[in-house]
Amino acid sequence: MKNHHFLFLFILLALSACRTQNLLYMAPTDTRREMLLDSAFYFNADWEYRIRRDDKLSISVWGQDDLSVGSVYGIYNSNEVYGKWLMVDLKGEIEVPKIGTLHVVGKTIGEVKAALHDTLVKWLIRPIIDIKVLNKEITVMGEVRNPGIFGVDGDQNSLVQMLARAGGYEFYANLKLVKVLRQEGENVHVATIDLSDQGDYFSKNIQLHPGDLVIVPSKSYKEFDKRISVIIPLTNTVTAGSIILGLF
């Protein structure tokens with residue numbers, strides 16, 4: 001009986017004395033300031049994606065294969081079959097066939113279409129142009145069933161929508177402290193969302209932009225449960241002690 005008491009006390013002391021670093025674990029906070037939404041995450045129905053350096057663009061001109069790169073108008077999807085695209089360089093420019101250098105960084109898809117149209121209309125009647133950014137993505141990581149990088153086509157994406165694409169939450173998900181990170185230039189904005197309460201749905205289901213990072217942290221007792229699950233089956237005090245020490 002004494003051995004069992006000793007084992008229990010030994011486990012508690014060992015677990016309380018040692019902490020494992022977990023980048024996806026965030027301690028709870030009582031400060032309201034932490035939960036205030038950064039203005040960078042306010043809903044904007046008119047928000048449009050602006051082209052960035054290192055973006056991969058495909059350009060399609062209907063009936064003009066010699067002017068297209070990765071055309072979506074062909075019989076085959078040349079983006080997937082041949083991997084064709086135009087990379088936005090460090091100067092924010094691309095080289096368009098028969099047109100030359102075009103500055104695109106910071107512009108919307110509509111603005112780039114208009115610039116191409118103004119050039120192509122000089123020798124084409126009513127050119128039909130389509131431009132796609134092939135690397136528009138949102139990353140979801142942490143306590144979700146299928147973490148990963150998810151491609152998005154549109155500009156209007158929501159937090160709940162992306163969590164659903166990641167398969168939903170795992171058992172140990174800390175829904176009180178879901179984090180969304182967004183980089184704008186050199187600044188990184190962080191939103192802390194409490195999804196544990198069903199109320200105020202629209203303010204919590206924030207708008208996500210391509211390039212955002214969503215982190216669903218784990219609850220504080222996840223590591224404790226994992227270690228206890230190893231120790232509980234043991235009945236020998238010495239064996240249990242040696243394994244506990246090996247965990248830290």
> Are Y42 and I193 joined in one hydrophobic group, where the rule is that I, L, V, M, F, W and Y side chains link up if heavy atoms are under 4.5 Å apart?
Replying inline: yes
> Between K219 and A173, what is the shortest heavy-atom contact and its length?
Replying inline: CE-O, 3.1 Å
> Yes or no on side chain to side chain contact (heavy atoms under 4.5 Å, CB included) for V190 and D38, after CA distance, side-chain angles and deciding distance?
Replying inline: CA-CA 7 Å; V190 180; D38 190 308; over 6 Å; no
>> Between I51 and I94, does the side chain to side chain contact (heavy atoms under 4.5 Å, CB included) criterion hold? Intermediate values first, please.
In response: CA-CA 11 Å; I51 296 172; I94 56 174; over 6 Å; no
> Can R53 and D89 be said to form a salt bridge (charged side-chain N to carboxylate O under 4.0 Å, His left out), step by step?
Replying inline: CA-CA 6 Å; R53 291 175 177 83; D89 63 22; over 6 Å; no
> Would you say V216 and N174 make side-chain contact, with heavy atoms under 4.5 Å?
Replying inline: no
>> What's the separation between atom CD in E137 and atom CG in L213, rounded to the nearest 0.5 Å?
In response: 12.5 Å
> How about T192 and K179: do any of their side-chain heavy atoms sit closer than 4.5 Å?
Replying inline: yes
>> When you compare the side chain of K132 with that of K56, does any pair of heavy atoms fall below 4.5 Å?
In response: no
> Should I149 and M162 be regarded as members of a common hydrophobic cluster, given that ILVMFWY residues are connected when their side-chain heavy atoms come within less than 4.5 Å of each other, either directly or indirectly?
Replying inline: no
> Would you say the side chain of Q64 lies within less than 4.5 Å of the side chain of L124, judging by non-hydrogen atoms?
Replying inline: yes
>> Within the 4.5 Å heavy-atom criterion, are I206 and F43 side-chain neighbours or not?
In response: no
> Is a side-chain donor or acceptor of K122 paired with a backbone partner of D118 at a separation under 3.5 angstrom?
Replying inline: no
> Donor-acceptor pair, Q183 side chain versus G185 backbone, under 3.5 Å?
Replying inline: yes
> In terms of the angle between their ring planes, are F41 and H189 parallel, tilted or perpendicular, with boundaries placed at 30° and 60°?
Replying inline: perpendicular
> Mind checking whether I99 and L120 have side chains closer than 4.5 Å, heavy atoms only?
Replying inline: yes
>> Tell me the closest heavy-atom pair linking P217 and I215, and the distance in Å.
In response: CD-O, 3.4 Å
>> Return the OG to NZ distance between S196 and K176, rounded to the nearest 0.5 Å.
In response: 3.5 Å
> Rounded to the nearest 0.5 Å, what separation is found between the CG atom of L163 and the CG atom of L195?
Replying inline: 6.5 Å
> Does K136 reach the main-chain N or O of D153 with its side chain, forming a donor-acceptor pair under 3.5 Å?
Replying inline: yes
> D55 side chain to V133 main-chain N or O, any donor-acceptor pair under 3.5 Å?
Replying inline: no
> Side-chain donor-acceptor pair under 3.5 Å between K84 and S58, yes or no?
Replying inline: no
>> Using 0.5 Å steps for rounding, measure from the CD1 atom of I131 to the OG atom of S68.
In response: 10.5 Å
> Under 3.5 Å, is there a donor-acceptor pair between the side chain of R145 and the main chain of Y169?
Replying inline: yes
>> Quick check for you: to the nearest 0.5 Å, what is the distance between L175 atom CG and E143 atom CD?
In response: 10.5 Å
>> Checking E170 against V144 for the side chain to side chain contact (heavy atoms under 4.5 Å, CB included) test, could you report, in this order, the C-alpha distance in whole Å, the side-chain angles of both residues, the deciding distance, and whether it holds?
In response: CA-CA 5 Å; E170 288 284 14; V144 292; 5.6 Å; no
>> Restricting to non-hydrogen atoms, name the atom on N135 and the atom on D54 that form the minimum distance, rounded to 0.1 Å.
In response: ND2-O, 4.1 Å
>> Please check: side-chain N/O of R52 versus main-chain N/O of V105, any donor-acceptor pairing under 3.5 Å?
In response: no
>> Can you confirm whether D212 sits close enough to T139 that some side-chain heavy atom of one is under 4.5 Å from a side-chain heavy atom of the other?
In response: no
>> Give me the atom names and distance for the closest heavy-atom approach of N146 to G167.
In response: ND2-CA, 3.8 Å
>> Using side-chain heavy atoms (C-beta onward) and a distance below 4.5 Å, is L102 in contact with L116?
In response: yes
> Which heavy-atom pair separates S158 from L208 by the least distance, and what is that distance?
Replying inline: O-CD1, 3.8 Å
>> Could you go through R50 and E111, starting from their C-alpha distance and side-chain angles, then the distance that decides it, and tell me whether this counts as salt bridge (charged side-chain N to carboxylate O under 4.0 Å, His left out)?
In response: CA-CA 10 Å; R50 294 188 176 274; E111 290 170 344; 3.5 Å; yes
> In terms of side-chain heavy atoms, does T101 have a donor or acceptor partner in E93 at a distance below 3.5 Å?
Replying inline: no
>> Membership question, hydrophobic clusters at under 4.5 Å side-chain separation (ILVMFWY): are W123 and I129 in the same one?
In response: yes
>> I need the minimum non-hydrogen distance between H209 and I138, along with the two atoms involved.
In response: O-CG1, 3.5 Å
> Can you tell me how far the CD atom of Q207 sits from the CG atom of L159, to the nearest 0.5 Å?
Replying inline: 11.5 Å
> With no hydrogens and no angle check, is any side-chain donor or acceptor of E48 less than 3.5 Å from a backbone partner on D155?
Replying inline: no
> So Y49 and I109, side chain to side chain contact (heavy atoms under 4.5 Å, CB included) or not? Walk me through it.
Replying inline: CA-CA 8 Å; Y49 181 85; I109 296 298; 5.6 Å; no
